[in-house]
Amino acid sequence: MAEIVRTRFAPSPTGYLHVGGARTALFNYLLARRLGGRFILRIEDTDQTRNIEAADAKLMEDLRWLGLTWDEGPEVEGPYGPYHQSQRRALYDEHARRLLDAGLAYYAMETREELEALRRAAVQRGDKGYRYARPTRFPSESEARAARDAGRPVVIRFKMPERDFVVPDRILGEVTIRAAELSDFVLMKADGWPTYHFAVVVDDAAMKITHVLRGQEHLMNTPNHIALFEAFGAPVPQFAHLPIIFNMNGTKMSKREKDKVVRDAARAAGLADERLGALAGLHDAELVRAWRAEQTQLPGDALARLARALHVTVPEIEIHDFRRSGYLPEVLVNFIALLGWNPGTPQERFTLDELCAAFSLERVGKTNAKFDREKLLAFNTAALAAAEPARKLAAFRDWLAVNERGPLTELDDATRAHLIELCRGFRTFADIELKCGALFVPDQAIEYDEKAVKQHLLKGAGQGVAVLRELRPRLAALSDWTAAALDVAVRAFADERQLGLGKVAQPLRVAVTGTTISPQISDTLALLGRERTLARIDRALTHAAASTREAV
RNA sequence: GCCCCCAUCGUCUAGAGGCCUAGGACACCGGCUUUUCAAGCCGGCGACACGGGUUCGAAUCCCGUUGGGGGCGCCA
């Protein structure tokens with residue numbers, strides 16, 4: 001009678017889903033799927049000061065985008081709901097009462113200042129590592145009530161058994177934590193909410209969680225949790241502490257980093273707060289000032305606007321960032337799975353289903369990993385190259401939907417699919433906009449990259465300009481404006497003039513897009529249409545003439 | 001400071017005493033292809049942190065050093 005495996009992902013709603021969180025969620029999901037168990041989502045919203053509006057919805061959207069669907073949780077009824085801890089308070093109260101009555105917990109009413117003084121005194125005494133010392137006498141119910149009425153902060157602490165604890169970890173092996181490292185931790189905060197340690201264990205026990213996979217930063221908490229499971233007479237789940245994911249430079253992948261990059265750029269640009277606020281679309285001058293002083297973070301959309309204005313790329317930290325940058329969810333899943341886990345075979349490309357079939361805790365490593373965006377990009381490129389057209393179209397549509405309006409926003413599906421084909425070899429969906437965006441913008445809106453103009457139009461006594469002048473009437477007279485016909489025409493012209501194709505295609509490209517980046521020239525012109533092509537050539541010739549005059 | 005975890009190419013990793021002249025992937029470098037940007041193809045560079053043991057034999061086991069990471073909250 002094998003016990004049914006139940007794993008859970010228990011994020012606190014402080015924003016979008018983070019890469020590290022996604023990895024934890026993924027491994028829990030994979031383990032449940034592999035073992036025929038259930039994957040539970042629980043929202044840990046017990047900190048009244050940290051919860052962010054609608055963050056749980058964002059978290060869920062990101063999980064769903066990745067394909068990590070839960071069997072029980074918010075929006076998916078299960079037998080142990082509700083799945084927001086804020087809605088389970090009666091359960092915590094009840095458990096606290098039980099521990100109090102059993103003499104396993106007690107009231108404590110030190111203020112923060114008193115606690116701090118105790119700590120300082122211990123340090124001065126030369127104690128190694130201060131721990132809260134259990135009082136010799138515990139306050140009674142009435143004393144606790146009186147203290148609370150008098151405005152003192154009253155908490156409930158757990159009487160931590162005074163013994164060594166061995167954490168049997170499925171990844172790390174047996175880790176022993178000495179009694180001296182442990183202390184009577186807080187169960188219920190003065191505001192009446194449970195602490196993380198308490199709520200986690202109450203819920204894991206209530207929800208019959210069998211395997212707890214979480215980040216290694218939780219390892220030292222585990223004795224507390226084991227002691228609580230034991231106090232409740234509940235079975236202790238299996239633990240597996242996952243290595244941590246870092247940035248390439250070894251720093252933590254923190255949301256703050258996004259602000260840092262943009263802030264540095266803002267400083268380098270030397271812009272005033274007022275101007276920064278305008279660029280970010282913010283009216284709150286105080287917010288901008290605080291942000292510049294590294295005292296706060298900017299809302300995501302404001303940060304994105306500012307980054308765009310300053311021409312910097314905000315590093316992707318949260319799953320949503322990667323979505324906006326044009327990555328495929330299945331690629332993210334594949335890549336993240338390989339951060340800490342490997343199949344033991346040379347296979348590197350996995351679908352979610354394949355991961356479900358191959359996953360095992362035995363093959364999870366112990367060493368921290370750095371998140372290499374270059375490798376992720378390579379994975380995305382390969383996946384895109386191999387994906388079915390329908391898949392690419394759907395993903396492209398999703399990318400357009402999560403980004404601000406751009407030149408490609410309004411296109412119909414047929415055109416979108418066409419662009420995807422023309423851009424074969426692209427790395428992210430953002431590349432399609434980079435490469436084709438100029439073709440869907442008013443003629444007046446295209447800006448010339450002066451380096452490109454010089455290189456391909458003006459250089460060699462205006463060789464490029466000459467090509468354009470000669471080519472223009474031919475294009476105007478072309479009977480058939482299709483990619484095939486244009487290809488023939490352009491090649492014929494190049495042949496005739498004994499020019500390499502590049503000498504013809506590049507001037508055209510610059511004339512028509514302002515840059516050297518676009519699809520193959522015949523496709524580019526076909527997409528643009530005869531009229532706009534000719535109009536843009538004229539506009540470019542005018543621009544080139546002006547540039548030449550300036551240079552003189 | 002105290003406690004805990006970890007240690008193979010720049011990065012992710014394979015490796016559970018002889019199969020290792022240490023394998024793969026990404027990056028990098030060189031070349032090919034080329035109508036730009038990408039993509040693609042071929043080749044190359046590149047690691048067992050250090051010091052002691054154990055053993056006929058050590059990347060693999062033990063100890064120490066060093067380095068990296070995490071924890072020491074009424075945050076989660």
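By convention in this document, chain letters (A, B, ...) are assigned in the order of the sequence lines, proteins followed by strands, and residues within each chain are numbered from 1.
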Partner nucleotide, any strand, of [N] [Watson-Crick/G-U, under 3.5 Å]:
N     : result
B/C50 : B/G64
B/C72 : B/G1
B/C26 : B/G10
B/U35 : none
B/G18 : B/C56

Between [N] and [M], how far apart are the two [atom1] atoms, rounded to whole Å?
N     : M     : atom1 : result
B/G46 : B/U8  : C1'   : 12 Å
B/U33 : B/G43 : C1'   : 15 Å
B/C61 : B/A25 : C1'   : 30 Å
B/C9  : B/C2  : C1'   : 36 Å
B/C3  : B/C20 : P     : 42 Å

Distance, rounded to the nearest Å, where [X] contributes [atom1] and [N] contributes [atom2]:
X      : N     : atom1 : atom2 : answer
A/R491 : B/U34 : CZ    : P     : 11 Å
A/N224 : B/C3  : CG    : C1'   : 14 Å
A/K370 : B/A27 : NZ    : P     : 18 Å
A/H241 : B/A76 : NE2   : C1'   : 13 Å
A/E181 : B/C5  : CD    : P     : 11 Å
A/I517 : B/A39 : CD1   : P     : 12 Å
A/R373 : B/A25 : CZ    : P     : 24 Å
A/L471 : B/U35 : CG    : C1'   : 13 Å

In terms of the angle between their ring planes, are [X] and [Y] parallel, tilted or perpendicular, with boundaries placed at 30° and 60°?
X      : Y      : value
A/Y448 : A/H543 : parallel
A/F429 : A/F426 : tilted
A/F350 : A/W341 : perpendicular

Give one of base, sugar-phosphate or nothing for [X], where a contact means two heavy atoms less than 4.0 Å apart.
X      : result
A/Q520 : base
A/A378 : sugar-phosphate
A/S183 : nothing
A/V155 : base
A/T14  : nothing
A/H197 : base
A/I521 : base
A/N249 : nothing
A/H218 : base
A/E116 : nothing
A/S12  : sugar-phosphate
A/T524 : nothing
A/R178 : nothing

In this structure, which one of A/R131, A/K159, A/R134 forms a salt bridge (charged side-chain N to carboxylate O under 4.0 Å, His left out) with A/D184? A/R134
Within residues 358-365 of chain A, find the residues that approach RNA chain B with a heavy atom at under 4.0 Å, and present them sorted by residue number. A/R363
Does any non-hydrogen side-chain atom of [Y] lie less than 4.5 Å from one of [X]?
X      : Y      : value
A/P74  : A/M60  : yes
A/N368 : A/Q216 : yes
A/Q85  : A/P194 : no

Using a cut-off of strictly less than 4.0 Å, decide whether [X] has a side-chain nitrogen or oxygen near OP1 or OP2 of [N].
X      : N     : answer
A/R424 : B/A38 : no
A/T195 : B/G73 : no
A/R509 : B/U35 : no

Which nucleotide wins on minimum distance to the side chain of [X], given the candidates [options]?
X      : options             : answer
A/L219 : B/C12, B/C5, B/A25  : B/C5
A/L115 : B/G10, B/A7, B/C74  : B/C74
A/E374 : B/C74, B/G24, B/A27 : B/A27
A/P153 : B/C4, B/C37, B/C74  : B/C74
A/T516 : B/U36, B/G71, B/U11 : B/U36
A/S522 : B/U35, B/A25, B/A76 : B/U35
A/D47  : B/A38, B/C74, B/C75 : B/C75

Distances under 3.5 Å between nitrogen or oxygen atoms of protein and nucleotides 64-69 of chain B:
residue, atom, partner, partner atom, Å
B/G69, O2', A/N368, OD1, 3.1

With no hydrogens and no angle check, is any side-chain donor or acceptor of A/T428 less than 3.5 Å from a backbone partner on A/G326? no
Any side-chain donor-acceptor pair under 3.5 Å between A/H218 and A/H241? no
Does the side chain of A/D45 pick up a donor-acceptor pair with the side chain of A/S86 at under 3.5 Å? yes
Quick one: on RNA chain B, does A/P243 or A/K435 contact a more 5' nucleotide (nearest heavy atom)? A/P243
Testing A/E114, A/E113, A/R112 one by one against A/E110 for a side chain to side chain contact (heavy atoms under 4.5 Å, CB included), which residue passes? A/E114
Just one of A/T46, A/I156, A/N224, A/L99 clears the side chain to side chain contact (heavy atoms under 4.5 Å, CB included) bar with A/F198, so which one? A/L99
Hey, is the side chain of [X] pairing donor to acceptor with the base of [N] inside 3.5 Å?
X      : N     : result
A/K375 : B/A25 : yes
A/N221 : B/A76 : yes
A/K366 : B/C5  : no

Straight-line distance of A/M160 CE to A/E181 CD, nearest 0.5 Å: 11.5 Å
Can you name the residues that form a ring pair (Phe, Tyr, Trp, His ring centres under 6.0 Å) with A/F246, not counting sequence neighbours? none
